[in-house]
Amino acid sequence: MLRVENLNKTFGDKKALNNISAAFPEKQTTVIVGPSGSGKSTLIRSLNFLERPESGHYYFDDQDIDLSKRVDNKTILGVRRRTEMVFQGYNLFPHLSVLQNVMEGPIQVLKKNKREAAEEAHELLAKVGLAEKADVYPTQLSGGQAQRVAIARSLAMHPEYIFLDEPTSALDPELELEVLKVLLQIANEEQSMIIVTHNMAFAQQVANKMIFVEDGQILFDGPVKEFFNTDNQRIVDFISAMTFKNI
Amino acid sequence: MWHIITTSAPQILAAGLKYTIPISIVSFVIGLIIALFTALIRLSQRKGAFIIIKAIARFYVWLFRSTPLLVQLFIVYFGLPYLKIQGVFPNGIQMAPVAAGILTFSLNTGAYCSETIRASILSIPHGQWEAAYSIGMTRPVILRRIILPQALRVSLPPLSNSFISLVKDTSLAASITIVEMFEVSQQIAAQNYQPLVMYSLVAVFYALFCSVLSWLQGYLEKVTSRYVTPIN
Ligand SMILES: Nc1ncnc2c1ncn2[C@@H]1O[C@H](COP(=O)(O)OP(=O)(O)OP(=O)(O)O)[C@@H](O)[C@H]1O
Ligand SMILES: [Mg+2]
């Protein structure tokens with residue numbers, strides 16, 4: 001299981017993470033929500049070492065990484081090998097075809113042979129509903145398609161965890177739905193995921209566990225049911241704002 | 001006049017094929033290799049003793065961009081023979097003209113191209129690095145598989161500029177006794193007293209060579225831009 005303890009990260013004089021501790025259960029989906037600028041991205045990116053907290057502990061199964069010390073490259077590569085990140089802006093490799101985007105990691109990192117990697121890439125593209133797009137370049141995809149390719153690319157690495165930072169925030173509702181369906185399916189297959197999203201309806205459906213972050217601190221950490229039935233006024237207000245209840 | 005052209009053109013062309021073109025191509029290839037390494041050194045995030053290598057790379061680029069190519073040629077060909085170092089070069093560094101020319105041209109174009117390559121690498125969005133890092137790729141693999149292929153496309157036009165400049169700059173090799181096209185045209189002009197015709201003729205040859213390069217550039221740009229949706 002993946003767990004962090006007492007993460008601290010400052011940008012200038014802004015404390016983006018203020019002593020954050022949280023656990024992210026295996027085979028479950030943890031959804032992180034919170035207002036803009038609260039530290040959600042910083043938190044999820046820290047889990048993949050794209051951001052480096054100044055202090056805290058990162059526990060992955062029985063591995064204990066002390067973030068206040070220098071973390072060697074091997075450790076970071078090890079964590080990244082076991083986790084994948086899906087970005088709001090997709091970040092597909094534009095010079096590679098859709099199929100090659102999915103094959104690149106397995107070939108370069110997992111040292112799979114080409115034929116095997118291609119076979120699996122085709123299967124994954126079919127799974128995200130893009131079998132017929134294998135040979136086009138990313139610029140020829142819609143946002144929803146691009147994000148589904150990014151999801152297939154991360155699945156190809158067979159990660160223990162997938163981190164998704166607002167995977168659908170750049171999409172209009174119809175395209176968003178395509179992506180959310182894929183994510184729901186993956187969640188049902190018990191892929192461990194951590195998702196940052198502003199979509200409360202989706203959170204409610206996909207999450208096993210909710211984390212509410214504000215000002216770099218965790219205000220709620222618990223089961224999804226509890227979150228949506230809370231009487232914490234701050235969270236009630238947040239949910240109704242996000243769902244346009246009192247417009 | 002037609003007679004002058006038909007008799008001298010083959011001589012100029014021969015000098016072009018023997019010196020201008022080979023010197024240009026060899027210098028540019030070596031220059032590109034130097035440029036790539038220089039750019040990668042300057043972009044490296046390694047610390048410690050490596051900062052000395054970074055400083056040397058920076059100094060090299062500064063030196064060759066801040067001094068005239070003609071002066072560089074003179075220092076290497078006429079000057080270095082006087083650089084006598086006990087035990088290492090007791091007789092100074094003596095080089096054949098062509099070797100001195102290729103060395104200088106490579107270092108000169110390498111300095112410029114390294115800046116082109118460095119800028120093109122920096123122009124690739126950071127998200128590309130992040131996506132590749134998250135897949136678990138190491139920095140060298142990311143550079144080779146993800147960043148450089150995209151940077152190549154960005155750097156093609158400015159690199160072509162450098163190559164085209166280099167072709168024309170090889171005319172300076174005449175000053176270190178290399179009998180390339182421009183030198184041949186000078187020699188003929190000194191005999192037939194037709195400087196306008198001779199220098200125009202050699203200009204046409206330079207233009208021809210450079211046009212081939214422009215065409216090649218267009219072709220390469222098309223090939224490397226396959227994945228970009230055309231605007232319009
Ligand atoms: N690279 C950076 N440099 C300076 N400040 C940063 C940087 N990244 C984040 N911050 C600041 O840290 C705080 C947390 O940012 P973060 O991106 O984690 O928020 P977020 O919860 O993801 O917000 P959003 O919902 O808008 O994506 C913000 O105040 C932000 O301005
Ligand atoms: Mg964010």
Side-chain angles (χ1 to χ4, degrees), chain A residues 41 44-45 47-52 70 73-74 76-98 100-111 135-141 146 149-150 153-165, chain B residues 36 39-40 43-51 116-117 119-159 217 219-232:
Chain A
S41 293
I44 202 170
R45 286 164 56 80
L47 299 178
N48 209 12
F49 287 90
L50 293 175
E51 216 70 76
R52 300 290 283 276
R70 210 188 145 273
N73 263 333
K74 218 176 119 222
I76 296 177
L77 279 175
V79 169
R80 287 182 176 152
R81 250 299 291 113
R82 303 168 65 183
T83 61
E84 284 306 314
M85 186 96 181
V86 172
F87 303 85
Q88 182 180 343
Y90 331 126
N91 295 349
L92 294 180
F93 305 130
H95 61 300
L96 301 178
S97 73
V98 163
Q100 289 169 324
N101 262 275
V102 181
M103 290 165 63
E104 187 68 8
I107 291 175
Q108 297 297 330
V109 179
L110 306 181
K111 310 289 178 204
D135 296 320
V136 310
Y137 284 103
T139 45
Q140 292 158 271
L141 299 175
V149 173
R153 179 173 70 175
S154 70
L155 287 172
M157 298 301 291
H158 299 283
E160 289 167 50
Y161 282 83
I162 303 180
F163 311 137
L164 303 100
D165 189 2
Chain B
L36 181 62
L40 292 180
L43 288 170
S44 165
Q45 290 161 349
R46 264 199 260 178
K47 303 261 156 60
F50 197 79
I51 60 166
T116 300
I117 293 174
S120 68
I121 290 175
L122 288 173
S123 78
I124 304 306
H126 198 63
Q128 292 291 305
W129 285 95
E130 293 195 336
Y133 274 135
S134 120
I135 285 173
M137 294 187 187
T138 57
R139 213 180 134 85
V141 174
I142 297 174
L143 273 170
R144 185 167 53 80
R145 297 287 309 172
I146 307 299
I147 304 299
L148 286 177
Q150 296 182 60
L152 173 71
R153 186 183 77 82
V154 181
S155 59
L156 257 178
L159 287 181
Q217 173 189 353
Y219 172 76
L220 288 176
E221 276 182 30
K222 217 155 103 192
V223 171
T224 56
S225 297
R226 271 178 327 220
Y227 61 84
V228 186
T229 25
I231 305 161
N232 70 43

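Just so it is clear, the model here is predicted, and its values are computed rather than measured.
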Looking only at heavy atoms, the pair that brings B:Ala131 and A:Phe93 closest together is CB-CE2, 4.0 Å
Counting heavy-atom pairs under 4.5 Å with chain B, which one of A:Phe87, A:Phe163, A:Phe49 comes out on top? A:Phe87
Considering only heavy atoms, which portion of A:Met157 lies under 4.5 Å from any heavy atom of chain B: side chain, backbone, both, or neither? side chain
Measuring heavy-atom distances to chain B, does A:Leu92 have an atom under 4.5 Å in its side chain, in its backbone, in both, or in neither? backbone
Would you list the atom pairs in which one atom of chain B and one of chain A form a donor-acceptor pair under 3.5 Å?
residue: B:Gly127; atom: O; partner: A:Asn91; partner atom: ND2; Å: 3.2
residue: B:Gln128; atom: NE2; partner: A:Leu92; partner atom: O; Å: 2.8
residue: B:Glu130; atom: OE1; partner: A:Arg45; partner atom: NH1; Å: 2.9
residue: B:Glu130; atom: OE2; partner: A:Arg45; partner atom: NH1; Å: 3.2
residue: B:Glu130; atom: OE2; partner: A:Arg45; partner atom: NH2; Å: 2.6
residue: B:Ser134; atom: OG; partner: A:Glu84; partner atom: OE1; Å: 3.4
residue: B:Ser134; atom: OG; partner: A:Met85; partner atom: N; Å: 3.1
residue: B:Arg145; atom: O; partner: A:His95; partner atom: NE2; Å: 2.9
residue: B:Arg145; atom: NE; partner: A:Glu104; partner atom: OE2; Å: 2.6
residue: B:Arg145; atom: NH2; partner: A:Glu104; partner atom: OE1; Å: 2.9
residue: B:Arg145; atom: NH2; partner: A:Glu104; partner atom: OE2; Å: 3.3
residue: B:Gln150; atom: NE2; partner: A:His95; partner atom: ND1; Å: 3.4
residue: B:Tyr227; atom: O; partner: A:Thr139; partner atom: OG1; Å: 2.9

